[in-house]
Each structure stands twice: as C-alpha cells, then as structure tokens.
Amino acid sequence: MPRDILHLAIPAFPIAVARVVDPALRGRPVAMAPGLSERALLQAVSSEARAEGVAEGMAAWQARRLCPALWLLSPDPALAARAAGAVAELAADYSPVWEPSAPGRLYLDLTGSTRLLGPGRDAAARLEREIQGRLRLSGSVGVAGNKLVARVAAGFLEQPGVLDVLRGSEETFIGPLPVSCLPGVGAAREALLLRDLNLRRVAEVAALGLPQLRLAFGPFAPMLQQRARGVDPTPVQPPRRLPELREETFLEQAENDDPLLLARLAELAERCGFRLRLQGRGTRRLALAVHFADGVSETATLRLPVAENLDHRLLAGAFQLFRQACRRRVRVKGLSLRCLQLAGADGQLDLFALPRDEDPRRQALQEALDGLRERHGMDAVRRGITLG
C-alpha cells in the first residue's frame, strides 16, 4: 500500500509563537537569544532577519551589525511548550500515528485513511488552514511516500502551503536539490562533498557507487546513498508515553532568591506526593528541570532506593536535585519536577536497599494531612517552608 506521510513545519517556531502574542513583531526582523546579551548566540531567526544575512548560531553583536533594526527576544519555554502542545493536539485529530521531530515540526502517517480524510494533499491543506485559523500560525506541509522526502518538500516551500510529491518520483524530485538538503549532511560533510568531491546536487551523490562513497564517508555511505535516492523506510513513531507524574510551575517574574525557589519546589513535591498516595504508587526516580530566564534548562536526576511517596522524603530528594541543577548565576523562570519509574508503594523492595526506619507517627501525620487536603484542598494545611 502506498504510504501517505505528512511533514508539518512551522519555520522559526518560537518567533512565530511570539508574533501571535505580540502582533507588532510581524514583518520585522526578529531573532531569539538567551539573556539578550551581546555575546549570546541566536537560537531562532525570522525570514526578514535571514534576508539581511542573520543566521542561527551567530553572536548577537554580529547580527546587529548586519541588521541594525533587529529585534532580540528572550526565549519563553512555557509559551513555546503550550504552543507545541496545541499544534500536536490539533494534528492528532488527523491521525493517531504522529511523531514530533522538533518544536513546530511533526510527522503524520495517513496511510490507509483515504476513505476517511481523502487524498493526503487534501488532508494536508485542511491541516494547514486549520492551524492558521485556530492557532494563527503559518506553516508548510510536505506530502510524500516517506519521511525524508516529506521533510525536504516542506522545507522546499518559501511560503506557507502544501507540496505533494507524487509516489514513485521521489528521486526525481530530490535529485536537482543541493546536497545540504539531505538530513545528516552537516557543514563538515557538505564541505567535503563540495570541495574534495565537487558534488553539488543530490543526483550527483546518488550516481556514485557504494564503494566510492565508502572511501569518503565510511559507515555513513550506505545511508547517504539511500537518502540521495529518496529512499527512507523509517516508520512514523509516536512518542513513547512512559508512566510518570509531573508537576511544574513558572514564575511571573524570574527570581534568584533561593528561599522563594525552594518554597515553590516544596509545593511541587507535596503535590507529587499527594497524587502518588492517591494512586497507591511510589516513585523510584526523581527528575528536576530548572528553566532559567535566558532560555537554558538544567536537569538533574536522583535514583531512590525504594519507591517513595511520603512528602518529607520527596522534599529531601527535590532539594538535593535543586542544589545540583541550580548552579548558574542566572535568574530562574520555572521549575519542573517529575516522578519516574512509578511502582506500587508496597511492591517488592530492592535487594540491596538500605533498611527503612520510618516513624509510625510520621505516617499517621501524613494520612491526617491527606484527609484534610482531600476535603479542603492543598492550601488547607501548608508547611512553613512553602511560605518562602
């Protein structure tokens, strides 16, 4: 059965989302850099700034020289995460088989859905219109028989729209394009192709034999030849949903006051513990992500000897992770605490776990607090540390 693979691409996704919030940014050269420092490297660049010679990875001071009218924005991880979730939720209505590849980019497999959704190009056009109408985000959609060509087709468009590559003409479509369009051909391999081998088009790479490519690319040669011929057997793989429990918070104003940050972290730990006990489960691994104001995130993980769900043990683990992850002299914008490797609270213990000496009075106190919070909410009883 011929495959119908869609690749949705929203260029400069963080900037596109920022323009939805602030329409004054539309039509202006915009770039996103952490911390707004002159030495910061650009993470995303709008098409207007790219036309002036600005590119990702360029220092902010260098970009300002090329484009004096450039607007620099600071990353907003919370806003970008909500927007990415909204795009994924909308795309999932078309197919349960979808795979995120990057923020603002995802694959959909519509194979076998022709009677329900019509041809792939028609479904792609509806998806593009719906994202524009409901989310006010403009993107391009490539439709092809595999993920590789669908991705290249989406990037081929200079304006929002749909490009459908006829099944069986993948090699014909991809052949005249520059070698830089192939995934896995970075700056070093592109320089090798252009300088040493004088290969500029994909068709020139596809015409070479495997032994010739092995001399220059080694183990990467078979995959490069396959991609140059428009072949990609990789299936669309939905994201794995491992059992986990997450609580997160984003501050209205970035802070570097440790007592205040620990207070917010204590609230997250208590909410995680409350939810775990309601489910009768515990966590064997904690993960804390600290989101800084300059867009950088630091993550630390802690493995617990046994499955835990009591507040005081989760608090101790969360504070230990905070000391590991929060070492930068930059204000913190948000915290995210995850409970991983969930298991039954009374499950089998680790063979080499240390013996536990739990005070029965502490367990009784925890049950009493849970009863109050279940009836009157989490704010009915609070620890002093959560007051900051």
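In what follows, every heavy atom counts, from backbone to side chain, and hydrogens, waters and symmetry copies are set aside.
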Side chains of residues 168-180: which donor-acceptor pairs under 3.5 Å do they make with residues two or more places apart or in other chains?
unit_1, atom_1, unit_2, atom_2, d
Ser169, OG, Leu166, O, 2.6
Glu170, OE1, Gly168, N, 3.0
Glu170, OE2, Gly168, N, 3.4

*Output every pair passing ring-ring contact (aromatic ring centres under 6.0 Å, His included) with a member in residues 252-289, not counting sequence neighbours, ordered by first then second residue.*
none
*For Tyr94 and Leu117, work out which heavy atoms get closest and say how close.*
O-CD1, 3.2 Å
*Whether Asp232 side chain and Leu148 backbone form a donor-acceptor pair below 3.5 Å*: yes
*Going from CZ on Arg105 to OG on Ser140, what distance comes out if it is rounded to the nearest 0.5 angstrom?*
7.0 Å
*Measure across Gly282 and Asn309 and return the closest heavy-atom pair with its distance rounded to 0.1 Å.*
CA-CB, 4.2 Å
_Interatomic distance, Leu90 atom CG to Trp98 atom CH2 [nearest 0.5 angstrom]_ = 11.5 Å
*Short side-chain to backbone donor-acceptor contact, Thr283 and Leu340, under 3.5 Å*: yes
*Rest of the hydrophobic cluster containing Ile5 (Ile/Leu/Val/Met/Phe/Trp/Tyr, side-chain heavy atoms under 4.5 Å)?*
Val97, Tyr107, Val236
*Mind listing the closest non-hydrogen atom pair of Asp4 and Gly120 along with its distance?*
OD2-N, 4.1 Å
*Closest approach of Val45 and Ala55, non-hydrogen atoms and distance?*
CG2-C, 3.7 Å
*State, yes or no, whether a side-chain contact exists between Leu288 and Leu265 at a heavy-atom distance under 4.5 Å.*
yes
_Would Glu255 and Val332 count as a side chain to side chain contact (heavy atoms under 4.5 Å, CB included) here? Give the steps._
CA-CA 5 Å; Glu255 292 283 352; Val332 174; 5.9 Å; no
*asked:* Can you give me the closest heavy-atom contact between Asn146 and Gly230, atom names plus distance?
replied: ND2-O, 3.0 Å
_Interatomic spacing from CD in Gln237 to NZ in Lys147 - rounded to 0.5 Å_ = 6.0 Å
*asked:* Using a 3.5 Å distance criterion without hydrogens, assess whether the side chain of Arg227 forms a donor-acceptor pair with backbone atoms of Pro183.
replied: yes
*asked:* Can you tell me how far apart SG (Cys272) and CD (Glu267) are? Round to the nearest 0.5 Å.
replied: 12.0 Å
*Please determine if Arg328 forms a cation-pi arrangement with Phe292, meaning its NZ or CZ atom is less than 6.0 Å from the six-membered ring centre and no more than 45° off the ring axis.*
yes
*asked:* Working note: Arg264 + Thr249, criterion side chain to side chain donor-acceptor pair (under 3.5 Å); need CA distance, chi angles, decisive distance, verdict.
replied: CA-CA 8 Å; Arg264 302 301 293 271; Thr249 182; 2.7 Å; yes
*Is there a side-chain contact between Cys326 and Glu298 (heavy atoms, below 4.5 Å)?*
no
*asked:* So Leu42 and Leu72, do their side chains get closer than 4.5 Å, heavy atoms only?
replied: yes
*Who are the side chain to side chain contact (heavy atoms under 4.5 Å, CB included) partners of Arg327, not counting sequence neighbours?*
none
*asked:* If you define the side chain from C-beta out and look only at heavy atoms, does anything of Ser138 sit under 4.5 Å from Ile10?
replied: no
*Passes side chain to side chain contact (heavy atoms under 4.5 Å, CB included), Gln253 versus Arg331? Steps please.*
CA-CA 9 Å; Gln253 182 177 356; Arg331 294 178 182 270; 5.7 Å; no
*Do the non-hydrogen side-chain atoms of Arg285 and Glu244 ever get within less than 4.5 Å of each other?*
no
*Check step by step if side chain to side chain contact (heavy atoms under 4.5 Å, CB included) holds for Leu106 and Ser101.*
CA-CA 5 Å; Leu106 52 84; Ser101 60; 5.6 Å; no
*Could you tell me whether the side chain of Leu6 reaches within less than 4.5 Å of the side chain of Asp109, counting heavy atoms only?*
no
*Nearest heavy-atom pair of Ala49 and Leu70: which atoms, and what distance?*
CB-CD1, 3.8 Å
*Output, in order, the C-alpha distance, side-chain angles, deciding distance and verdict of salt bridge (Lys or Arg N to Asp or Glu O under 4.0 Å) for Glu247 and Arg338.*
CA-CA 6 Å; Glu247 288 286 348; Arg338 291 186 299 157; over 6 Å; no
_Nearest 0.5 Å, please: how far is CG in Leu268 from CG in Leu314?_
11.5 Å
_Can you confirm whether Arg275 sits close enough to Leu278 that some side-chain heavy atom of one is under 4.5 Å from a side-chain heavy atom of the other?_
no
Give the table of side-chain donor-acceptor pairs shorter than 3.5 Å for residues 14-24, with sequence neighbours excluded, one pair per line with atom names and distance.
unit_1, atom_1, unit_2, atom_2, d
Arg19, NE, Leu25, O, 3.1
Arg19, NH2, Arg28, O, 2.7
Arg19, NH2, Glu48, OE1, 3.0
Asp22, OD1, Ala24, N, 3.2

*Under a single-linkage definition using a 4.5 Å side-chain heavy-atom cutoff for Ile, Leu, Val, Met, Phe, Trp and Tyr, are Leu213 and Val231 assigned to the same hydrophobic cluster?*
no
*Could you give the distance from SG (Cys67) to CE (Met58), rounded to the nearest 0.5 Å?*
10.5 Å
*Between Phe250 and Leu335, is there a shared hydrophobic cluster once you connect ILVMFWY residues whose side-chain heavy atoms come closer than 4.5 Å?*
no
_Electrostatic pair Arg82:Asp76 at N-O distance under 4.0 angstrom_ = no
_Could you tell me if the side chain of Pro233 sits less than 4.5 Å from the side chain of Gln226, heavy atoms only?_
yes
Show every donor-acceptor pair shorter than 3.5 Å between a side-chain atom in residues 151-164 and any protein atom, with sequence neighbours excluded, or say none if there are none.
unit_1, atom_1, unit_2, atom_2, d
Asp164, OD1, Arg167, NH1, 3.1

*asked:* For Leu110 and Leu116: C-alpha separation, side-chain torsions, deciding distance, then whether side chain to side chain contact (heavy atoms under 4.5 Å, CB included) applies.
replied: CA-CA 10 Å; Leu110 301 184; Leu116 179 64; over 6 Å; no
*Quick one: does Ser46's side chain have a donor or acceptor within less than 3.5 Å of a partner on Val30's backbone?*
yes
*Show your working on salt bridge (Lys or Arg N to Asp or Glu O under 4.0 Å) between Arg277 and Asp311 and close with a plain yes or no.*
CA-CA 10 Å; Arg277 291 187 296 274; Asp311 286 351; 3.0 Å; yes
_Expected output: side-chain Glu204 to main-chain Arg200 donor-acceptor under 3.5 Å_ = yes
